[in-house]
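Okay, structure first, notes after.
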Amino acid sequence: MVTESARASAAHADELLAHIGRLRADADLMDGYAWRLRATVTTLDGCPTAPEWGRPALERQAAACASAAVRLRTAAEALLAHARVDRPTRGAMSGPSS
């Protein structure tokens, strides 16, 4: 049977935590893009020369960005749950204390 060393296991968990941070940062970026796109839609509402297709296209793109942000956060939470399962808490193997 092959077992993973504690150091390798900790490194794996650290990599997962770093990836979780990147997923959350990407989700924040996607939320920001959605906000900007919606702001552009609002700006175009007052512009008589804006093409008719512009607003619906921007609204669809904003919705896609918001949806991507939700999916990225869901993936981050799933990885966090996985990291918690892979990394036992300190003292978990030490037994009862006296």
Side-chain angles (χ1 to χ4, degrees):
M1 183 168 126
V2 176
T3 59
E4 190 174 13
S5 73
R7 182 176 292 180
S9 181
H12 178 69
D14 289 343
E15 288 174 15
L16 281 177
L17 292 174
H19 192 65
I20 289 164
R22 289 189 299 270
L23 286 170
R24 288 176 173 165
D26 287 347
D28 290 343
L29 285 172
M30 295 306 288
D31 276 336
Y33 298 148
W35 183 87
R36 288 183 195 128
L37 287 162
R38 289 184 186 114
T40 302
V41 168
T42 301
T43 300
L44 289 179
D45 282 342
C47 182
T49 59
E52 290 182 28
W53 54 264
R55 179 183 170 147
L58 291 170
E59 287 174 342
R60 283 191 305 273
Q61 191 61 41
C65 289
S67 176
V70 169
R71 290 192 308 270
L72 287 164
R73 285 192 180 89
T74 300
E77 290 307 311
L79 276 178
L80 182 59
H82 181 70
R84 286 180 180 148
V85 168
D86 279 357
R87 184 180 226 172
T89 57
R90 284 187 189 262
M93 301 296 286
S94 62
S97 57
S98 40

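Values below: every heavy atom of this structure, side chains too, minus hydrogens, waters and symmetry copies. We number each residue from 1, following the sequence as shown.
At least one donor-acceptor pair closer than 3.5 Å links the side chain of Thr43 to the backbone N or O of Ala39.
Between Ala50 and Leu44, the closest heavy-atom pair is CB-CD2, 3.7 Å.
Note on Tyr33: it clusters hydrophobically with Leu72, by side-chain heavy-atom contacts below 4.5 Å among ILVMFWY residues. Follow the hydrophobic side-chain contacts under 4.5 Å out from Leu79 and you reach Leu29 in the same cluster. Note on Leu23: it does not cluster hydrophobically with Val70, by side-chain heavy-atom contacts below 4.5 Å among ILVMFWY residues.
Scored by the salt bridge (Lys or Arg N to Asp or Glu O under 4.0 Å) test, Arg55 finds Asp45, Glu59 as partners (sequence neighbours excluded). Contacts of Glu77 classified as salt bridge (Lys or Arg N to Asp or Glu O under 4.0 Å), with partners at least two apart in sequence or in another chain: Arg24.
With values rounded to the nearest 0.5 angstrom, Leu17 atom CG is found 10.5 Å from Glu15 atom CD. Interatomic distance, CH2 of Trp35 versus OG1 of Thr40, reported as 8.5 Å (0.5 Å rounding).
For residues 61-76, the set of pairs meeting the salt bridge (Lys or Arg N to Asp or Glu O under 4.0 Å) definition, not counting sequence neighbours, comprises Asp28-Arg73, Asp31-Arg73.
Atom CZ of Arg22 has more than 12 heavy atoms from other residues, nucleotides or ligands within 6.0 Å.
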